[in-house]
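What follows is a short report on a single structure.
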Amino acid sequence: MVNDYEKEKVLAAQEAVKYIEDGMVVGVGSGTTIVYFIKYLGERVKNGLNVIAVPTSDETADLCKNEGITLVTTSVPIKIDVTVDGADQFDMKLRLIKGGGGALLREKIVASATKREIIIVDSRKKVDVLGEAFALPVEVIPLAWFKVAQEIKKLNGNPVLRLKSDSSYFITDQGNYILDCKFDSIPEPEELATKLSSITGLVEHGLFINLAREVIMGKEGNVYYFKH
Ligand code: 5RP
């Protein structure tokens with residue numbers, strides 16, 4: 001039985017796939033909402049749509065391959081027409097927290113090469129202020145994780161090293177660790193983003209600012225658009 005949030009993800013994914021046109025280079029995000037998008041994109045490809053996809057994680061690459069979608073995996077193209085990705089939180093300025101699935105580094109590289117970044121979400125993801133109900137994921141070089149964690153504490157964050165369900169370290173596709181950093185809230189994401197980016201050993205953080213062009217949110221059987 002599909003619950004209401006899954007239905008909201010399906011609605012957002014169905015809407016986003018309408019924006020994919022023949023001949024496009026398409027960035028494909030990661031996460032449970034994107035699984036639906038890949039399914040609907042795969043259906044269109046089987047019906048003759050010709051696209052090249054740029055996956056943001058190994059898992060997404062496997063899902064795309066299973067759908068018969070052509071992939072570029074060697075290097076991110078300089079120009080990606082449209083990327084469809086998920087998010088853990090978004091605010092009214094379309095600032096995002098991403099990285100709940102641990103794919104934030106490749107997601108940000110792909111987003112930064114994209115003309116039109118479309119975010120698809122269920123209704124739980126919309127917030128007034130980022131960070132109140134979700135810890136900010138930060139990707140770190142394994143050797144540096146403890147040092148980076150101490151520096152994040154000085155910024156009033158509470159970093160926790162992400163573990164898998166068997167208690168082993170969560171390792172990203174690039175071989176790094178994730179620190180999930182709880183802040184009381186992140187009212188000034190730009191300021192925090194600048195401070196985080198200056199920490200040596202921190203590879204990338206999950207604050208996505210000025211990257212999303214629009215958010216498509218499913219809610220109670222309807223689709224809502226937020227544009228910047
Ligand atoms: C992965 C991400 C995902 O887009 C984010 O976690 C949302 O995932 P879901 O659609 O499963 O809620 O940033 O790194």
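What you see is a predicted model, and the numbers here were worked out from it, not measured in a lab. As the structure lists them, so they are numbered: ligands from 1, and atoms in each ligand from 1.
Grouped with Ile52 in one hydrophobic cluster are Val72, the linkage being side-chain heavy-atom contacts under 4.5 Å among Ile, Leu, Val, Met, Phe, Trp and Tyr residues.
Every residue meeting the side-chain hydrogen bond (donor to acceptor under 3.5 Å, both in side chains) condition with Thr32, not counting sequence neighbours, appears here in chain and number order: Lys9. In this view, Glu59 satisfies the side-chain hydrogen bond (donor to acceptor under 3.5 Å, both in side chains) rule with no residue, not counting sequence neighbours.
Other residues, nucleotides and ligands place no more than 12 heavy atoms under 6.0 Å from the NZ atom of Lys126. Atom CG of Asp128 sits in a sparse spot, with 12 or fewer heavy atoms from other residues, nucleotides or ligands closer than 6.0 Å.
Ligand 1 is surrounded by Ser30, Gly31, Thr32, Thr33, Asp85, Gly86, Ala87, Asp88, Lys98, Gly99, Gly100, Gly101, Gly102, Ala103, Leu104, Glu107, Lys125, each with at least one heavy atom closer than 4.0 Å.
Val215 is connected to Tyr224 through a chain of hydrophobic side-chain contacts under 4.5 Å among Ile, Leu, Val, Met, Phe, Trp and Tyr, so both are in one cluster.
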